[in-house]
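See below for the structure under consideration.
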Amino acid sequence: MSTYTDTMRETARRLLQECKVELVIGFRRGSRPMMNEPCLVRKPEDADQLVWDSNCGINLANYLTNRKEKIGIFAKGCDSRNIVTHILENKVQRDQLTVIGVPCLGMIDKRKIAAATEGEILEVTENGDTITVKTAAGEKQFAKAEVMQQNCSVCTHRNPVIHDEMIADPVPEQTDVDPYADVAAIDAMDLEERWAYFDDLLDPCIRCYACRNACPLCYCPTCFVDESKPQWVGKGQDAMDVRTFHFLRAYHCAGRCTDCGACERACPVGINMRLLTKKLNKDCKELYDWEAGLSLDKRPALDSYQANDPENFIK
Amino acid sequence: MMKNLLEFMGVEPDRIHFSWISSAESTKFVEVVNKITAKVKAIGPNQRFVKQAAKVA
């Protein structure tokens, strides 16, 4: 995917020169390996900052919220689904956007690489499916599939669902993956085990809210955790407050989450809070045959009433 | 979906109930409340999603 970079720079330069857009949202190289950062390019001569490789896991739809300019945005499959969700929720208008589709083969998980290598990581390069990691101790090679983000390895929407231009030809979609295997594993546990599992999972949480800030769905001007009148949830690290935060944040994403993995990627302590949103995604699929962000013409599952909506929980 | 997620996190299925009762359905109201209290009594006092008050020495 690193071969996209040149085409991206050209496209961004052209769109800015033709004044089709006022800014282009993409990625530039970060200050550390595997930490590409979002960047807003406003001048054609700055387009050369843009890069693309397997470290562009942040969801760029997050930077669209409430913007009024004409915007060019690079969109992977998941980003494009979040852009659709943004349009449906009136956070940005379709005619403001030039969506530049980026067929995606998955992003690499920096934690998997850090765990498999020793010493400080100095440089990470990729060539097709081979990832080469240079550390102080030496060089190590990985197959990309081994070090891919878990959500990417079970992704079934790698190509953008909406686009005005494409950077490359669409990539084949994965069909033989079970996106909800991890959810099913927890469903198979009994109640005690599940309670204990989430106690362990959420124990390291320091309530930094990086997951919320990285999430394109979490755009409320004041998040429920920050309100003080009334104070919905305690602000400390009490296990119940932590659990309430994660439970409610996930629930606010019900029927909207695209499992882009931005939350888990942003988490400084590596909590897989995606399990909660995934459970909701699975229920949405099973109960309402709904997957978020696939079409501009359909209203979200929790936003519309159908006579055959399941109601067996109502006694 | 909310009930499903609570159960996914380990809350007992009988702990939370949903019902739709009109203001005119007093008998249904009594029935539902009786059923719910019986079910909740059967699983005992809630231990989950309870915040312990800070212990002051």
Side-chain angles (χ1 to χ4, degrees), chain A residues 180 182-202 233-234 236-244 246-257 273 275-288 290 301-302 309-315, chain B:
Chain A
Y180 302 118
D182 44 359
V183 175
I186 294 178
D187 270 330
M189 297 178 189
D190 67 29
L191 288 172
E192 297 291 331
E193 285 173 333
R194 282 187 233 164
W195 186 261
Y197 182 88
F198 282 100
D199 262 351
D200 280 353
L201 183 81
L202 301 176
V233 54
Q237 271 173 272
D238 181 275
M240 272 327 100
D241 289 332
V242 171
R243 200 183 268 255
T244 308
H246 282 283
F247 168 70
L248 277 177
R249 195 196 80 84
Y251 197 67
H252 288 175
C253 303
R256 307 164 66 217
C257 174
M273 70 291 282
L275 274 173
L276 297 170
T277 41
K278 260 181 117 175
K279 165 69 178 164
L280 292 161
N281 289 356
K282 182 170 182 261
D283 281 357
C284 266
K285 180 84 182 124
E286 285 168 6
L287 298 172
Y288 305 101
W290 169 259
L302 296 192
D309 279 349
E311 52 181 26
N312 52 1
F313 66 96
I314 300 174
K315 295 281 150 46
Chain B
M1 296 233 299
M2 183 166 129
K3 188 169 176 1
N4 286 357
L5 188 62
L6 279 168
E7 286 168 24
F8 186 67
M9 289 178 89
V11 173
E12 304 92 333
D14 278 345
R15 186 72 65 190
I16 178 165
H17 297 263
F18 293 82
S19 187
W20 189 272
I21 310 171
S22 151
S23 57
E25 295 178 309
S26 52
T27 354
K28 184 176 175 192
F29 180 76
V30 172
E31 266 172 34
V32 170
V33 170
N34 280 336
K35 256 188 217 160
I36 292 176
T37 30
K39 283 198 167 159
V40 173
K41 273 184 186 160
I43 46 176
N46 188 23
Q47 306 294 328
R48 298 183 177 160
F49 268 110
V50 180
K51 195 173 165 182
Q52 305 300 332
K55 289 196 182 74
V56 182

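Keep in mind that this is a model prediction, so the values were computed, not measured. A, B, ... follow the sequence lines: proteins, then strands. Residue 1 opens every chain.
By the 4.5 Å heavy-atom criterion applied to side chains, B:Met2 and A:Phe247 are counted as neighbours. Side-chain contact between A:Lys315 and B:Lys35: absent, with no pair of heavy atoms (C-beta onward) separated by less than 4.5 Å. B:Phe18 places none of its side-chain heavy atoms less than 4.5 Å from the side chain of A:Glu311. Contact of the B:Phe8 side chain with the A:Val183 side chain is registered, since non-hydrogen atoms from C-beta on lie closer than 4.5 Å.
The backbone N or O of B:Phe49 sits nowhere less than 3.5 Å from a side-chain atom of A:Arg243 that would complete a donor-acceptor pair.
In this structure, chain B has heavy atoms under 4.5 Å from both the backbone and the side chain of A:Phe313. For a residue to count as touching a neighbouring chain, one of its non-hydrogen atoms must lie under 4.5 Å from one of that chain's; by this rule A:Asp238 touches chain B with the side chain only. When heavy atoms are compared at a cutoff of 4.5 Å, B:Leu6 approaches chain A by way of both its backbone and its side chain. Contacts of A:Glu192 with chain B are made by both backbone and side-chain atoms, with heavy-atom separations under 4.5 Å. Neither the backbone nor the side chain of A:Asp190 comes within contact range of chain B, judged by heavy atoms closer than 4.5 Å. Heavy atoms closer than 4.5 Å to chain B are found in the side chain of A:Leu287, but not in its backbone.
Summarising the geometry of B:Val50 relative to A:Met240, their closest heavy-atom pair is O-CG, 3.0 Å, with the distance given to 0.1 Å. Residues B:Glu7 and A:Arg194 approach most closely at O-NH1, 2.6 Å, considering heavy atoms.
Interatomic distance, A:Leu191 CG to B:Arg48 CZ, rounded to the nearest 0.5 Å: 6.0 Å. For the atom pair CE (B:Met9) and CG (A:Leu202), the distance works out to 6.0 Å, reported to the nearest 0.5 Å.
B:Leu5 pairs in a side-chain contact (heavy atoms from CB on, under 4.5 Å) with only one of the listed residues (A:Leu276, A:Leu248, A:Asp283), which is A:Leu276.
The candidate from A:Tyr251, A:Trp195, A:Phe198 with the greatest count of non-hydrogen atom pairs under 4.5 Å with chain B is A:Trp195.
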